[in-house]
Amino acid sequence: MTFLLETFRLGLHNLRLHKMRSFLTSLGIIFGVAAVIVMVSIGEGNKQAMLRDIQALGATNIIVRSAKPPESSSMMGSAQRTFLARFGIKREDLRRLQEHIKHAASIVPLKAVGDEILYADKRMTSQAFGVTPQLQRSANLRLDRGRYITDQDMSSKLPVAVIGADVAEKFFARSEPLNQVFRIGNQAFKVVGVLKPVGMAGGRGSALVGRDWNMDVHIPMSTAEAQFGDMIFRRVAGAEVREEVELSEIYVTSASTDDVLRDAALVRQIIRAGHPEFNDVQIRVPWELLESEKKTARIMNVILTSIAAISLLVGGIGIMNIMLASVTERTREIGIRRALGATRRHIVSQFLVETGSLSAVGGLLGIGLGVGASILIGRVLPWVLQFPIMRGLGKLNLETDVTMWSIIVSFLVAATVGLAFGIYPALVASRQDPIVALRHD
């Protein structure tokens, strides 16, 4: 025990004699550990944000969406440049789903209506849908104010609407949106509710659902069918396009996550029966995407960590280089110690204590730097992106989440790298001939 304490004391004493050199030597380890922690925290933070976006769609949901097939196969034209496109989900598809998947928690249809949404002198491309009251629960929609569509709205075919957060901001930025009247095409609707913003960072959730919930307008399904029918009129490149779509989407909500994959396979089978070519319907399963994104995130974490670990390798090489130079500088000291009875094991131990101390101290400093940088990135970046010069970057969301395993692993790797690269200089020092070392100037 006395031998170990004395060796440790001598090792630290030699490091204190050259404080600046010791600090510069450990910089590679410091930045290596910090880089690993920051890279992992960025990867983990974005993974968590991605998983939240997917879970926001409803982990038990199966989304069946109408998709416009290639125009060449779906449009019938005439000399008047008028086109009719028939595609997408039929009411018969909804009936078959309700008949064969009775164990589902809910099966909710949506129907796209109108071509434009207008209020005063403001307008936007229609993203209005006929819905049923069950959609609020199926899609995890929350109200900011007012109410959602009710069974009374459905039975009375009332011209009422619930609007998304961005619609409220665009049309009613300076006024209370509730009870305001706007138009979908030529039909007037009264606002009875406003949805809370649906956070889908970077558009990930929007891409999965096929649109941005914040731009949605929801009206009763019965009202949509009575006032708009199945025909949607649009003008594209000077031509009038008529799209006949009975239903835009169907949300099938499984009873639990254990049933999702089984229900998804059943939904695909049922939908394919009515759409053999399967070219005008898409099926998206957030639970499948969730599992896929978890695997992708794990792979990205490994890649990012591997890249950052190169810094640790460079730091280890720096330690070996400095320790080899130290052996040359301390040749005479080594000779004196050997002449006084120190064995090769003593010399190896002393040099390993020095390299281990450099690595350990560098690892601790790197942990502090990495954790601090991760927290700083998460808190400062949103503020920086508000500057006008940075707005050209668009919606850039970068979250960080410092994990304990990244701290532990990076520190252990740093300590291991330091010791591994310190073995060779220690062996070189221990093999010095005492007589030749004593003669060294």
Peer 1: I63 and E249: which non-hydrogen atoms are nearest, and at how many Å?
Peer 2: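 Heavy atoms only, the tightest pair is CG2-OE1, 4.3 Å.
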
Peer 1: Quick check for you: to the nearest 0.5 Å, what is the distance between I283 atom CD1 and R268 atom CZ?
Peer 2: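 I283 atom CD1 to R268 atom CZ measures 5.5 Å (nearest 0.5 Å).
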
Peer 1: Report yes if the side chains of V371 and V38 come closer than 4.5 Å at any heavy-atom pair, otherwise no.
Peer 2: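 Sidechains of V38 and V371: no contact.
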
Peer 1: To the nearest 0.5 Å, what is the distance between CH2 (W287) and CG (N61)?
Peer 2: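 The CG atom of N61 is 12.5 Å from CH2 of W287, to the nearest 0.5 Å.
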
Peer 1: Is any side-chain heavy atom of Q282 less than 4.5 Å from a side-chain heavy atom of R284?
Peer 2: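 They are in side-chain contact.
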
Peer 1: Taking the side chain as C-beta and beyond, is there a heavy-atom pair between L143 and V194 under 4.5 Å?
Peer 2: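 Sidechains of V194 and L143: no contact.
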
Peer 1: Flag the pair L266 / I101 as yes when at least one side-chain heavy-atom distance between them is below 4.5 Å, and no otherwise.
Peer 2: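 When only atoms from C-beta onward are counted, I101 and L266 do touch, with a gap below 4.5 Å.
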
Peer 1: For the backbone of V260 and the side chain of D263, can you confirm whether one donor and one acceptor N or O come within less than 3.5 Å of each other?
Peer 2: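 No, the answer is negative, given that no donor and acceptor are paired below the 3.5 Å cut-off.
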
Peer 1: Rounded to the nearest 0.5 Å, how far apart are OH of Y119 and CZ of R183?
Peer 2: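 Taking OH in Y119 and CZ in R183, the distance rounds to 12.0 Å.
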
Peer 1: Distance check, rounded to the nearest 0.5 Å: I250 atom CD1 versus S106 atom OG?
Peer 2: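 That separation rounds to 12.0 Å.
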
Peer 1: Please check if the side chain of D216 supplies one atom and the backbone of A128 the other of a donor-acceptor pair under 3.5 Å.
Peer 2: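 No: the side chain of D216 does not pair with the backbone of A128.
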
Peer 1: If you take all heavy atoms of K157 and T223, which pair is closest and at what distance?
Peer 2: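 Closest approach of K157 to T223, heavy atoms only: C-OG1, 3.1 Å.
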
Peer 1: Any side-chain to backbone donor/acceptor pair from S66 onto G88? Under 3.5 Å, distance only.
Peer 2: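 Not a single qualifying donor-acceptor pair exists.
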
Peer 1: Hey, are R145 and E176 close enough for a salt bridge, meaning a charged N less than 4.0 Å from a carboxylate O?
Peer 2: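 A salt bridge is present here (some side-chain N lies under 4.0 Å from a carboxylate O).
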
Peer 1: For N186, does the CG atom sit with more than 12 other heavy atoms under 6.0 Å from it, leaving out its own atoms?
Peer 2: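 Atom CG in N186 is not crowded, with 12 or fewer foreign heavy atoms closer than 6.0 Å.
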
Peer 1: Could you tell me the separation between the CD atom of Q152 and the CZ atom of R147, rounded to the nearest 0.5 Å?
Peer 2: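 It comes to 9.0 Å.
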
Peer 1: Under the side chain to side chain donor-acceptor pair (under 3.5 Å) rule, what do D259 and H103 come out as? Steps first, then yes or no, please.
Peer 2: CA-CA 10 Å; D259 301 327; H103 58 274; over 6 Å; no

Peer 1: Just so I know, are the side chains of K170 and V167 near enough to count as touching, which here means a heavy-atom distance under 4.5 Å?
Peer 2: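 They are not in side-chain contact.
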
Peer 1: Evaluate the criterion side chain to side chain donor-acceptor pair (under 3.5 Å) for residue pair T253 and T60; output intermediate values, then yes/no.
Peer 2: CA-CA 6 Å; T253 305; T60 57; 5.3 Å; no

Peer 1: Testing the basics here: between L247 and R91, what is the closest heavy-atom pair and its distance to 0.1 Å?
Peer 2: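 Shortest heavy-atom contact: CD1-CA, 4.2 Å.
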
Peer 1: Consider side chain to side chain contact (heavy atoms under 4.5 Å, CB included). Of V131, I219, D230, which one does K111 pass it with?
Peer 2: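 In the set V131, I219, D230, the residue that makes a side chain to side chain contact (heavy atoms under 4.5 Å, CB included) with K111 is D230.
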
Peer 1: Is there a side-chain contact between V281 and F87 in this structure, where contact means two heavy atoms from C-beta onward sitting under 4.5 Å apart?
Peer 2: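 No, their side chains stay 4.5 Å or more apart.
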
Peer 1: Got a donor-acceptor contact below 3.5 angstrom from the S410 side chain to the I407 backbone?
Peer 2: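 Here the side-chain-to-backbone pair exists.
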
Peer 1: Within the side chain of S222, is there an N or O that forms a donor-acceptor pair under 3.5 Å with the backbone of M154?
Peer 2: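 Yes, the answer is positive, given that a donor and an acceptor are paired below the 3.5 Å cut-off.
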
Peer 1: Does R96 come within less than 4.0 Å of E99, counting only side-chain N to carboxylate O?
Peer 2: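 No.
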
Peer 1: For residues V113 and F129, determine if any side-chain heavy atom of one lies less than 4.5 Å from a side-chain heavy atom of the other.
Peer 2: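 Side chain of V113 against side chain of F129, heavy atoms only: no contact under 4.5 Å found.
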
Peer 1: Tell me yes or no: between the side chains of T400 and S41, is some donor less than 3.5 Å from an acceptor?
Peer 2: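 Looking only at side-chain atoms, S41 and T400 do not form any donor-acceptor pair under 3.5 Å.
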
Peer 1: Check whether S254 reaches the backbone of T257 with its side chain - one donor and one acceptor, N or O, closer than 3.5 Å.
Peer 2: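 Side chain of S254 to backbone of T257, a donor-acceptor pair under 3.5 Å: no, none is there.
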
Peer 1: Heavy atoms only: give me the nearest L158-P220 pair and the separation to one decimal.
Peer 2: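 Looks like O-CG, 3.6 Å.
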
Peer 1: Rounded to the nearest 0.5 Å, what's the gap from OG1 on T132 to NE2 on H218? Could you check?
Peer 2: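 NE2 of H218 is found 10.5 Å from OG1 of T132.
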
Peer 1: Answer yes or no: is there a side-chain heavy-atom contact under 4.5 Å between P159 and Q227?
Peer 2: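 Yes. Closest side-chain heavy atoms under 4.5 Å.
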
